[in-house]
There are 2 protein chains.
Amino acid sequence: MPKQVDHEQRRRQISSALWRIAARRGLESVSMREVAAEAGMSVGLVQHYFASKEEMLAYTSTHLRERLEQRVRESIAALGSPATPGQRLRAMLVALLPTDPDSRDETLVGMALFIRALNDPALATRYRHGRTQLTTAVAAQLAECGVHGDGEVAADTLLALIDGLASDLLLGHHTPAQALRVLDDHLAKTTRPAIG
Amino acid sequence: MPKQVDHEQRRRQISSALWRIAARRGLESVSMREVAAEAGMSVGLVQHYFASKEEMLAYTSTHLRERLEQRVRESIAALGSPATPGQRLRAMLVALLPTDPDSRDETLVGMALFIRALNDPALATRYRHGRTQLTTAVAAQLAECGVHGDGEVAADTLLALIDGLASDLLLGHHTPAQALRVLDDHLAKTTRPAIG
DNA sequence: CTTTTTGCAATATGATTGTATGGTAACCGA
DNA sequence: TCGGTTACCATACAATCATATTGCAAAAAG
């Protein structure tokens with residue numbers, strides 16, 4: 001057989017082509033042919049790595065999620081070692097916002113896939129688990145900040161706020177600076193009394 | 001000609017068929033044939049009232065927006081005449097949340113159309129204007145509550161929160177009761193000191 | 001050496017898409 | 001009553017879709 005190939009890398013390569021198309025022209029423009037062309041390969045090869053379009057979209061969905069988690073980790077790590085819990089919380093939340101072209105594309109496609117998943121119970125369940133994970137992670141950071149009251153409600157509040165700000169950023173209703181102002185304003189009012 | 005027909009009513013009827021399909025099986029399942037079948041008419045008749053699919057989607061988008069504004073008005077009106085500014089603000093925000101099957105369907109389709117609009121500059125501009133209108137309206141209600149600080153930031157915070165809560169409701173991460181708890185918690189912390 | 005197996009492409013298939021066209025029947029204004 | 005307009009349907013059309021099939025060349029396995 002021809003030189004052995006890294007399956008996972010090929011899948012990522014195809015998936016990247018997919019969300020480049022989806023980001024530029026929408027999920028509805030994603031077809032086997034378009035993806036193959038963008039990835040610079042034949043339709044048959046795309047089929048070789050993904051049995052169906054559905055499988056390709058599902059893979060992209062988890063791939064995007066992994067990249068998101070990585071961005072969060074990197075954002076926290078970039079703070080350096082002497083960082084306060086409050087700084088880590090903020091870094092985490094900011095990393096969830098689409099503030100540069102790359103994250104903008106990822107968020108845009110992620111939202112399109114999310115909406116799509118709402119009409120499919122199985123997919124929706126996966127997103128629901130992911131969403132619960134996020135709440136848990138944010139609540140943990142909040143606990144380290146020593147906030148008073150129900151940490152889970154506070155975490156859900158923050159994540160809902162982030163989700164809305166993300167939409168506003170994609171729409172162009174906010175600039176990144178404006179979105180950060182809204183976020184910081186909220187953080188100041190809700191966590192500052194406890195952080196001191 | 002056959003008995004004169006109310007064009008606007010026909011358009012609404014077709015548009016309703018469209019978002020019934022979109023809510024149940026997603027925007028990607030919306031086709032001329034499906035819409036015609038759901039509306040109980042021929043494809044040709046749908047074409048008679050909408051020159052293109054794009055026009056049909058655009059109409060649905062503004063139709064949904066009108067219904068949203070109407071829900072907000074009704075929600076405020078339902079308070080009765082002796083209502084505090086704080087109650088009016090809350091009624092307005094709650095009306096934006098998908099808390100029953102009908103509003104759930106509308107929000108779901110509205111979000112799908114929103115994501116779609118992000119890849120079309122002209123449509124995005126319309127949504128941006130609508131979003132700005134909302135901020136203005138909420139800021140006005142906030143002003144009546146006599147809040148301190150930047151009313152526009154507070155309004156944008158509230159609307160971003162609502163948007164995120166709407167997503168969480170659609171996903172099933174929150175029940176309506178949970179979403180209201182998050183909203184009320186936030187309102188208490190941000191407006192109560194001023195309302196007294 | 002064969003003999004598989006594997007990466008990859010070309011093409012076939014049948015369904016579905018948005019839209020265009022041609023028609024029929026009903027009703028209005030003249 | 002008659003030309004013209006309108007509501008509506010059936011169907012045709014070319015494009016595009018996801019997927020299945022076939023084939024071939026390269027390299028690993030025997």
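Order of the sequence lines sets the chain letters (A, B, ...), proteins ahead of strands, with each chain counted from 1.
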>> Can you tell me whether the side chain of A:Gln47 and the base of D:dA18 have a donor-acceptor pair closer than 3.5 Å?
In response: no

>> Under a 4.0 Å threshold between the charged nitrogen and the carboxylate oxygen, would A:Arg126 count as salt-bridged to A:Asp120?
In response: no

>> Does C:dT6 have OP1 or OP2 under 4.0 Å away from a side-chain N or O of A:His7?
In response: no

> Taking only side-chain nitrogens and oxygens of A:Ser42, does any of them come within less than 4.0 Å of OP1 or OP2 of C:dA10?
Replying inline: no

> Any donor-acceptor pair under 3.5 Å linking the side chain of B:Gln9 with the backbone of B:Asp6?
Replying inline: no

> Roughly how many Å is it from CD1 in A:Ile14 to C1' in C:dC8, rounded to a whole number?
Replying inline: 11 Å

> How would you label the contact of A:Arg10 with the nucleic acid (heavy atoms, under 4.0 Å): base, sugar-phosphate, or nothing?
Replying inline: sugar-phosphate

>> Once you apply a heavy-atom cut-off of 4.0 Å, does B:Phe50 come out as touching a base, just sugar-phosphate, or nothing?
In response: nothing

> Starting at CD of B:Glu28 and ending at C1' of D:dT16, how long is that distance when rounded to a whole Å?
Replying inline: 16 Å

> What nucleic acid atoms does A:Val46 come within less than 4.0 Å of, heavy atoms only: base, sugar-phosphate, or nothing?
Replying inline: nothing

>> What is the separation between atom CE on A:Met32 and atom P on C:dA10, rounded to the nearest whole Å?
In response: 18 Å

>> Tell me the interatomic distance from B:Glu8, atom CD, to D:dA7, atom P, rounded to whole angstroms.
In response: 14 Å

> Between the main-chain N or O of A:Met56 and the side-chain N or O of A:Thr60, is there a donor-acceptor pair closer than 3.5 Å?
Replying inline: yes

> Out of C:dT19, C:dC8, D:dC8, which nucleotide sits closest to the side chain of B:Tyr49?
Replying inline: D:dC8

>> Output the rounded distance in Å from CG (A:Leu18) to C1' (D:dA18).
In response: 14 Å

>> Please report the distance, rounded to the nearest Å, between NZ in B:Lys53 and C1' in D:dA15.
In response: 14 Å

> Taking the nucleotide of DNA chain C with the closest heavy atom to each, which residue, A:His48 or A:Val43, is nearer the 5' end?
Replying inline: A:His48

> DNA chain D: A:Glu34 or B:Leu45, which has the more 5' nearest nucleotide?
Replying inline: B:Leu45

> When you check the gap from the basic side-chain N to the acidic O, do A:Arg131 and B:Asp168 get nearer than 4.0 Å?
Replying inline: yes

> Atom CG of B:Leu57 and atom P of C:dT19: how far apart are they, to the nearest Å?
Replying inline: 10 Å

> Between D:dC17 and A:Arg33, is there an OP1 or OP2 to side-chain N/O distance shorter than 4.0 Å?
Replying inline: yes

> How close or far is atom C1' of C:dT11 from atom CE of A:Met41, stated in whole angstroms?
Replying inline: 19 Å

> Under the criterion side chain to side chain contact (heavy atoms under 4.5 Å, CB included), which of A:Met111, A:His174, A:His173 is the partner of A:Ser167?
Replying inline: A:Met111

